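Single-structure report; data block below.
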There are 2 protein chains.
Amino acid sequence: MAANSQFAMAVHILAMLASSRDENLSSSYIAGSVNTNAVVIRRLLGQLGHAKLVVSQTGANGGTRLSRCPDEINLSEVYQAVNCGEVFALHSKGPNRDCPVGRNMESVLCNLQKEIDHGIYNKLSQYTLANLFEKVETER
Amino acid sequence: MAANSQFAMAVHILAMLASSRDENLSSSYIAGSVNTNAVVIRRLLGQLGHAKLVVSQTGANGGTRLSRCPDEINLSEVYQAVNCGEVFALHSKGPNRDCPVGRNMESVLCNLQKEIDHGIYNKLSQYTLANLFEKVETER
DNA sequence: TGGATCTGTATCCGAGTGTGTTACAGAAAT
DNA sequence: ATTTCTGTAACACACTCGGATACAGATCCA
């Protein structure tokens, strides 16, 4: 299945906030860069705010800014904030428990799933928002 | 998004084939253990066959068996065979190229995506079907 | 105080897709 | 020839993501 793009958009949003640390950005302004609807941005900002990565202010001149320095925000935190689910899903019905193979399949796959997730987490932990922002700036 | 369960089902199928190396298994028999429809199994077997992991025979007493020993089948091959797509998607519309941040976002995210995929691939490469089958047998 | 701005939700629509199901042509064994 | 099995095609259903409108509440400012 095609995965969703929430992580990609969240990183994009955070990169924008990192580039304007001294001012609040409005959801519609961010939406202009991400090329989507402002509500989509606000939904994501809600998740990022819940994860304490950003802070928002309502009202005129409101908007959102980072809650910490970009070098203190880890991409693994972002991944967790927008919970993208698992890499692969277990079969919804579950295997047939009368079958000797099927009986133990579920736990084996579940363990494998956790291990992969852990691997992704470790990989993303190697990057901070500052690292990424640096790439955005220098890349041609 | 909830990912699809094709990888999980594929592994399950291969574990069954590994447990019956001396005989062909029919798609409906496998479907009984995976707890799904035989056509779903045949679709997956088609992908696995295309990746040269299994061989099928049509006709009476037909069915499918592994094309190699379980210790020569790597889980990363299975992952590639049932192409589960990417861990996260890039935004379908693409970022706004008039924005200095948006302009470079795409390539940065694309590189990150490749890196994660590579990590998953490496993790899965650590396991053969034989390793996994062993776990299925011993797990309680 | 009143108007403007912005967030935070609720709600709905459309498109895409994964899963399940039926149906059927073709291949192989008996 | 009949049976059994694969390989597809075709369709329905459910789910979810992205997009859009609408509106209450908060905040600033004139």
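Keep in mind that this is a model prediction, so the values were computed, not measured. So that the names make sense, note that chain A is the first sequence line, chain B the second, and so on, each numbered from 1.
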On the nucleotide [N], are OP1 or OP2 found under 4.0 Å from the side-chain N or O atoms that [X] carries?
X	N	value
B:S5	C:dT19	yes
B:S27	D:dT6	yes
B:S26	D:dT6	no
B:N61	C:dA29	no
A:T36	D:dG19	yes
A:K93	C:dT19	no
B:Q6	C:dT19	yes

Taking the side chain of [X] as heavy atoms from C-beta outward, which of [options] is closest to it?
X	options	answer
A:N4	D:dG18, C:dG20, C:dT7	D:dG18
B:R43	D:dT8, D:dA10, D:dG18	D:dA10
B:V40	C:dG26, C:dT19, D:dG18	C:dT19

Give [X] one of three labels, base, sugar-phosphate or nothing, depending on what nucleic acid heavy atoms sit under 4.0 Å from its own.
X	result
A:H91	sugar-phosphate
B:G63	sugar-phosphate
A:I41	nothing
A:S92	nothing
B:L25	sugar-phosphate
A:S28	nothing

May I have the distance from [X] (atom [atom1]) to [N] (atom [atom2]), rounded to whole angstrom?
X	N	atom1	atom2	result
A:Q57	C:dG8	CD	C1'	15 Å
A:F88	C:dT17	CZ	P	22 Å
A:I30	C:dG8	CD1	P	11 Å
A:N24	C:dT7	CG	P	9 Å
A:R65	C:dT7	CZ	P	13 Å
A:N37	C:dA15	CG	P	17 Å
A:H50	C:dT7	NE2	P	19 Å
A:L44	C:dT7	CG	P	14 Å

Response to the item:
Result for 5'-nearest mapping on DNA chain D, choosing between B:R42 and A:V39, is B:R42
Worksheet item: At their closest point, which heavy atom of A:E86 faces which heavy atom of A:Q113, and how far apart are they?
Response: CB-NE2, 3.6 Å
Practice prompt. Mind listing the closest non-hydrogen atom pair of B:E106 and B:G94 along with its distance?
Written response: OE2-CA, 4.1 Å
Worksheet entry | Name of the residue among A:S28, A:S27, A:S56 meeting side chain to side chain donor-acceptor pair (under 3.5 Å) with A:R42 | A:S27
Fill in: Minimum side-chain heavy-atom gap B:F88-B:L90 below 4.5 Å
yes
Worksheet, complete the sentence: When A:N24, A:L53, A:L129, A:L25 are each screened for side chain to side chain contact (heavy atoms under 4.5 Å, CB included) with A:L17, the one that passes is A:L25
Discussion item. Would the distance check show the side chain of B:S5 and the main-chain N or O of B:A8 forming a donor-acceptor pair, the cut-off being under 3.5 Å?
Written reply: no
Practice prompt. Assign each of B:A60 and A:G46 to its nearest nucleotide of DNA chain C by heavy atoms, then name whichever residue's nucleotide is nearer the 5' end.
Written response: A:G46
